[in-house]
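Comments concern the structure below.
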2 protein chains.
Amino acid sequence: MAILKENGLKLTKRRKEILSFLIEENRYLSALDVFEFMSERYQGMSYDTVYRNLRDFSDLNLLEETEFHGEKKYRFSCNVNQDHHHHFICTVCGATKEINMCPMDMFKEQLPGCVIEGHRFEIFGKCENC
Amino acid sequence: MAILKENGLKLTKRRKEILSFLIEENRYLSALDVFEFMSERYQGMSYDTVYRNLRDFSDLNLLEETEFHGEKKYRFSCNVNQDHHHHFICTVCGATKEINMCPMDMFKEQLPGCVIEGHRFEIFGKCENC
DNA sequence: CTCCGTGCAAAGCGTTTGCACGGCG
DNA sequence: CGCCGTGCAAACGCTTTGCACGGAG
């Protein structure tokens with residue numbers, strides 16, 4: 001949590017709770033998911049605060065951010081493991097499982113003239129609980 | 001184009017032009033891209049018509065649909081090659097290059113209890129023209 | 001001549017922003 | 001006590017929908 005202070009962000013109750021919740025849940029959540037959880041604890045909790053904080057956390061690389069295929073909303077998940085990895089993602093509950101294989105390791109530059117800036121590899125499906 | 005008729009869609013001038021444009025461009029385009037092109041040909045061309053047709057084409061699997069990472073809008077590209085494949089995608093112009101390697105071939109089910117429903121593998125970067 | 005396709009307008013959804021108050025440090 | 005964080009409200013961008021007219025079959 002020290003990272004927050006280092007970047008000039010104050011350690012408010014709401015921030016702590018949002019982060020704790022994401023760490024505890026350990027899966028991809030929408031802003032609405034977080035908002036609903038927070039609303040149970042703070043009456044009058046506002047959507048904007050959730051968004052702003054998720055955005056701030058994400059900018060500090062505390063979170064992983066993705067969009068499920070065909071969905072237009074952002075999904076956030078707390079990034080404890082800083083190593084490069086990919087995910088199996090449950091499209092029902094957002095649960096993730098780390099996949100250590102990276103297709104880029106197998107993929108030897110067959111793109112003459114192109115500058116590779118990033119990649120994305122995600123497996124979607126239903127986890128054992130859904 | 002016969003597919004349209006088979007599914008009860010009429011062959012209108014706008015439809016033909018939208019499809020031709022997508023085939024000719026051979027890259028991921030936003031609805032706005034298509035709208036702007038169409039507007040040059042038909043004054044009074046409406047956004048809704050573009051959307052409706054892109055949606056219809058996509059539902060008939062005539063198009064590939066994706067969202068660039070961090071973008072909230074849909075991108076469409078005409079799917080001539082029906083074989084399973086992945087893409088290098090230029091984040092500037094939307095140009096694509098087919099990648100024949102599929103990471104799922106290397107990936108032997110290490111996800112006990114999970115039902116795999118789909119996957120996504122995309123490489124992002126700049127193409128030789130951008 | 002009958003429907004489907006279209007343009008127009010408005011609504012919808014998720015997200016972002018401006019402003020003034022309130023609480024952390 | 002200064003400034004960042006927050007709630008409220010409104011705006012935003014992209015997409016979708018309802019309705020009545022117009023064109024394809």
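Here the structure is a predicted model, which is why all the values come from computation and not from measurement. Reminder, nothing fancy here: chain letters follow the sequence lines and each chain counts from 1.
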[atom1] of [X] versus [atom2] of [N]: gap in Å, rounded?
{"X": "A:R15", "N": "C:dG22", "atom1": "CZ", "atom2": "P", "answer": "19 Å"}
{"X": "B:D56", "N": "D:dT17", "atom1": "CG", "atom2": "P", "answer": "11 Å"}
{"X": "B:E17", "N": "C:dT6", "atom1": "CD", "atom2": "C1'", "answer": "15 Å"}
{"X": "A:F35", "N": "D:dT6", "atom1": "CZ", "atom2": "P", "answer": "14 Å"}
{"X": "B:K16", "N": "C:dG5", "atom1": "NZ", "atom2": "C1'", "answer": "14 Å"}

Exercise for review: For B:E71, check side chain to side chain donor-acceptor pair (under 3.5 Å) against everything at least two apart and list the hits.
Suggested key: B:R75
Review point. Which residues, if any, of residues 57-77 of chain B bring a heavy atom under 4.0 Å of DNA chain C?
Key: B:K72
Practice item. Go through A:H87 and A:Y28 one step at a time and tell me if the ring-ring contact (aromatic ring centres under 6.0 Å, His included) criterion holds. Key: CA-CA 11 Å; A:H87 282 128; A:Y28 276 107; 5.8 Å; yes
Review point. Which residues pass the salt bridge (charged side-chain N to carboxylate O under 4.0 Å, His left out) test with A:E128, sequence neighbours left out?
Key: A:K97
Point to revise | NZ/NE/NH1/NH2 to OD/OE distance under 4.0 Å, B:R41 and B:E17 | key: yes
**Study point:** Any A:T49 side-chain nitrogen or oxygen under 4.0 Å from OP1 or OP2 of D:dG5
**Key:**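 For A:T49, the contact criterion (side-chain N or O under 4.0 Å from OP1 or OP2 of D:dG5) is not met.
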**Study point:** Any A:R14 side-chain N or O less than 4.0 Å from OP1/OP2 of D:dG7
**Key:**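 Yes, because at least one side-chain N or O of A:R14 sits under 4.0 Å from OP1 or OP2 of D:dG7.
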Review point. Should B:E117 and A:H69 be marked as a side-chain hydrogen bond (donor to acceptor under 3.5 Å, both in side chains) after you check the CA-CA gap, both sets of side-chain angles, and the distance that decides it?
Key: CA-CA 12 Å; B:E117 294 173 338; A:H69 198 83; over 6 Å; no
Check your understanding: What pair of heavy atoms forms the shortest contact from A:C114 to B:C127, and how long is it?
Key ->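 Between these two residues, the closest heavy atoms are SG-CA, 4.0 Å.
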Check your understanding: Run the salt bridge (charged side-chain N to carboxylate O under 4.0 Å, His left out) check on B:E67 and A:R120 step by step: do they pass?
Key -> CA-CA 12 Å; B:E67 313 92 43; A:R120 183 178 207 174; 5.4 Å; no
Which atoms of nucleotides 8-13 of chain D (N or O only) lie under 3.5 Å from a protein N or O atom, and what are those distances?
unit_1: D:dA9; atom_1: N6; unit_2: A:D48; atom_2: OD2; d: 2.4

**Study point:** Base versus backbone protein contacts along nucleotides 20-25 of chain D [heavy-atom cut-off under 4.0 Å; B, S, -]
**Key:** ---BBS
**Study point:** DNA chain C: 5'-proximal contact among A:R55 and B:V50 (nearest heavy atom)
**Key:**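 Going by which nucleotide is closer to the 5' end, it is B:V50.
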Revision key, fill the gap. Between the OG1 atom in A:T91 and the CZ atom in A:F124, the distance rounded to the nearest 0.5 Å is 8.0 Å
Review point. Can the ring centres of A:H119 and A:H86 be said to be less than 6.0 Å apart?
Key: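 Yes, the ring centres sit under 6.0 Å apart.
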Review point. In terms of ring plane angle, is the pair A:F21 and A:F37 parallel, tilted or perpendicular, where the classes change at 30° and 60°?
Key: parallel
Practice item. Just grab all the side-chain hydrogen bond (donor to acceptor under 3.5 Å, both in side chains) pairs involving residues 5-16 of chain A, residues at least two apart or on different chains. Key: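 Output for this query lists A:R15-A:N53.
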